[in-house]
Chemist: 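Structure provided below as structure tokens; questions to follow.
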Amino acid sequence: MTTRPTVFPGAYAASALQHLRQASPLVHCITNDVVQSITANVLLALGASPAMVVDPREAAQFSAMASALLVNVGTLTESRAESMLAAIHAANQAQKPWVLDPVAVGALSWRSEFCQEIIRLQPAAIRGNASEIMALSGLAASGRGVDSADTSLAALPAAQTLARQTGAIIAVTGEIDYVTDGENSVSVPGGNVLMTRVVGTGCALSAVVAAFTSLPGDRLANVAAACRVMSRAGELACEVAKGPGSFTPAFMDNLYLLDAEKLNGGAL
Amino acid sequence: MTTRPTVFPGAYAASALQHLRQASPLVHCITNDVVQSITANVLLALGASPAMVVDPREAAQFSAMASALLVNVGTLTESRAESMLAAIHAANQAQKPWVLDPVAVGALSWRSEFCQEIIRLQPAAIRGNASEIMALSGLAASGRGVDSADTSLAALPAAQTLARQTGAIIAVTGEIDYVTDGENSVSVPGGNVLMTRVVGTGCALSAVVAAFTSLPGDRLANVAAACRVMSRAGELACEVAKGPGSFTPAFMDNLYLLDAEKLNGGAL
Amino acid sequence: MTTRPTVFPGAYAASALQHLRQASPLVHCITNDVVQSITANVLLALGASPAMVVDPREAAQFSAMASALLVNVGTLTESRAESMLAAIHAANQAQKPWVLDPVAVGALSWRSEFCQEIIRLQPAAIRGNASEIMALSGLAASGRGVDSADTSLAALPAAQTLARQTGAIIAVTGEIDYVTDGENSVSVPGGNVLMTRVVGTGCALSAVVAAFTSLPGDRLANVAAACRVMSRAGELACEVAKGPGSFTPAFMDNLYLLDAEKLNGGAL
């Protein structure tokens with residue numbers, strides 16, 4: 001049913017990153033309480049502009065102005081859910097892309113219902129770990145919410161199904177990331193297990209995916225470029241980090257300093 | 001009335017940390033807005049898994065799944081208080097330990113009433129500074145909420161009273177930490193005044209205490225081990241830090257790299 | 001209409017910082033979700049004490065106890081707006097200074113109305129970028145909310161008007177900062193473009209401004225001292241930083257280590 005995904009070409013990531021820095025997209029992030037700071041800092045380091053506007057009225061007004069919208073359900077509340085819906089509808093009306101990070105979907109009932117509701121509202125992309133993507137596609141997941149007990153490759157069929165159901169690009173991330181539109185799929189290597197010991201690297205990736213969906217060109221390739229930019233900066237940071245503490249400053253510096261040469265020197 | 005507390009043996013801390021890393025407990029944190037990121041990163045660096053789930057429905061569902069629950073009242077709101085109560089009841093029903101960090105209790109009326117209400121709900125442990133523990137036990141405190149003007153030793157009698165009132169292990173932390181079950185008490189040296197210039201080191205310790213209460217074995221010793229793991233990583237970080245900025249990455253790295261040898265090389 | 005602002009003398013900044021460390025003011029911050037941690041850490045590094053109390057009842061009780069209040073509308077919500085109003089009234093009643101950071105005012109309707117309402121409540125100071133200060137003064141702004149497309153000098157007339165309208169000291173910050181009471185104005189050089197790639201440096205400055213407004217002496221000079229302390233620590237951090245990741249720890253260390261010699265060695 002599915003063909004083996006091809007490895008995503010590093011040269012495209014460098015070119016997409018250059019476009020991102022020129023465009024400096026404004027990314028409206030309605031995200032969870034834990035990762036607000038790292039999300040904003042990752043976007044700033046890459047040359048994008050973050051803004052976290054959460055009141056329902058303001059969220060709708062702001063989504064129409066922003067280049068892209070991120071919706072992350074990590075610390076969902078009633079009022080936050082209301083803001084997300086208002087922002088998604090405004091983004092759709094203004095033809096701005098929006099991206100879902102379905103944190104812990106499958107493990108918790110209310111957010112699972114909420115995510116099933118909003119994936120009908122034409123997300124441009126969905127970024128999650130294997131358990132989350134499997135749960136969202138209707139396949140059983142074994143995770144306990146925040147970590148993924150499944151490998152990303154095992155979730156590729158679920159990602160392809162979800163892509164066909166929603167029309168979104170699906171990125172299922174893990175030791176290797178897989179990005180698919182339901183027909184074509186690419187793999188993105190890189191990253192490091194140390195990144196799983198720092199909170200918010202996955203959530204920040206979803207914000208970067210949102211930034212890249214605002215660029216012109218092939219959306220599948222742009223989402224894969226977002227994954228590669230983050231995994232390559234992570235690889236470079238791990239070359240100097242002694243642990244998760246020194247990883248974070250090095251990761252931000254590498255996002256800021258990343259260029260075509262650095263992007264091509266890695267696993268790709 | 002009270003015997004002089006004995007110094008907690010460092011070898012036990014190393015053994016408890018090894019158990020923690022094997023068990024990798026999932027700690028449900030309902031904590032304050034300021035320290036969410038450092039709390040999650042400290043737990044991840046030690047090998048535990050954090051999750052911050054805050055909607056009342058989801059908090060109750062999640063507490064029953066998690067290994068332990070942390071309740072920190074630093075930025076208490078009506079809806080957060082409702083979530084905390086739901087999570088505490090669910091944790092108790094599922095026989096999972098929960099830990100209270102009574103930030104600024106005594107200084108502010110509403111949270112003082114709320115804390116007096118929830119300490120009747122069988123906390124496994126309570127971690128606070130001298131002013132907070134004195135206020136919670138009914139003794140007068142001199143603090144202005146966030147800092148402690150009293151020394152931890154002066155608060156030991158209050159801690160012992162509070163332990164007998166609630167059945168919880170009480171950790172009163174400061175330059176030296178004291179941990180008591182009302183009968184037996186131990187002291188935990190280490191740490192550094194620089195840690196008071198970084199927000200969330202105390203709040204993150206409470207999350208680590210929650211993680212350690214989920215381990216089998218003597219709970220007093222496990223809570224003291226949590227204190228020692230944090231104070232020793234702090235000592236090691238201060239050996240290389242130039243200030244509170246460089247302290248934080250070094251602290252996280254040391255939590256990640258901590259082993260029996262490093263734990264035994266310190267003040268204990 | 002306006003005379004060219006004079007350069008603020010560095011020696012005064014050193015003296016004000018010394019007073020700040022002696023007084024260790026308790027700063028009540030009702031600020032946005034994204035910058036809570038950096039705001040608290042900046043205040044702690046400088047020797048002040050931060051506290052984030054947000055429930056309306058508690059906010060009013062706490063404002064009266066604190067040395068100064070910061071109100072930052074970055075992630076404004078209904079309940080947060082209610083807390084801010086309660087805290088401002090309590091601060092005014094207790095004769096404690098309060099400071100406004102009007103994040104993204106002008107770009108979003110509801111917060112613009114809210115800010116127009118509260119600037120009538122006698123703020124001691126207002127700190128914003130050029131777009132925000134122009135919008136607040138009633139002059140048209142070209143910003144899209146979070147970044148400023150206008151230079152700080154272009155906004156100086158608007159700042160002077162706003163100072164006369166409100167009685168507050170206005171700090172309009174950018175590559176060079178301008179501080180005015182409507183009659184007298186000073187310029188504060190320093191800082192670095194790298195600081196715009198780290199979230200919260202401006203918001204944290206507003207908290208530092210609040211801390212400095214609690215000091216005795218000339219308020220215009222104290223607000224300028226707050227700007228200079230931050231810009232000088234930023235300059236020193238940029239001498240060693242490779243990017244925005246390594247900037248942050250170096251910035252915090254420099255705030256902690258800042259003294260008269262370091263303050264006088266810079267651009268002033």
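Naming: A, B, ... by sequence-line order, numbering from 1 per chain.
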Chemist: Surrounding CD of A:Q18 (heavy atoms of other residues, nucleotides or ligands, distance under 6.0 Å), is the total greater than 12?
Modeler: no

Chemist: Can you tell which part of A:A48 gets under 4.5 Å to a heavy atom of chain C, answering side chain, backbone, both or neither?
Modeler: backbone

Chemist: So, for C:I30 and C:A87, which heavy atoms are closest and what is the spacing to 0.1 Å?
Modeler: CD1-CB, 3.7 Å

Chemist: Which residues in residues 250-260 of chain A have a heavy atom less than 4.5 Å from any heavy atom of chain C?
Modeler: A:M252, A:D253, A:Y256, A:L257

Chemist: Give me the atom names and distance for the closest heavy-atom approach of A:A40 to C:V34.
Modeler: CB-CG1, 4.0 Å

Chemist: Under 4.5 Å heavy-atom distance to chain A, tell me which part of C:R111 shows up: side chain, backbone, both or neither.
Modeler: both

Chemist: Before accepting this row, confirm whether a basic side-chain N of the pair A:E235/A:K262 lies closer than 4.0 Å to the acidic partner's carboxylate O.
Modeler: no

Chemist: Just wondering, are more than 12 heavy atoms of other shown residues or ligands nearer than 6.0 Å to CD in A:Q22?
Modeler: yes

Chemist: Measure distances from C:S246 to the heavy atoms of chain A and classify the residue's part below 4.5 Å as side chain, backbone, both or neither.
Modeler: both

Chemist: Select one option (side chain, backbone, both, neither) describing which atoms of C:T248 are under 4.5 Å from chain A's heavy atoms.
Modeler: neither

Chemist: Return the minimal non-hydrogen interatomic distance between C:S79 and C:P56, and the atom names on each side.
Modeler: O-CG, 4.5 Å

Chemist: Restricting to side-chain hydrogen bond (donor to acceptor under 3.5 Å, both in side chains), what partner residues turn up for C:D55, sequence neighbours left out?
Modeler: C:R57

Chemist: Does the side chain of C:R80 pick up a donor-acceptor pair with the side chain of C:T75 at under 3.5 Å?
Modeler: no

Chemist: Check whether C:L194 gets within reach of chain A through its side chain, its backbone, both or neither, counting any heavy atom under 4.5 Å.
Modeler: side chain

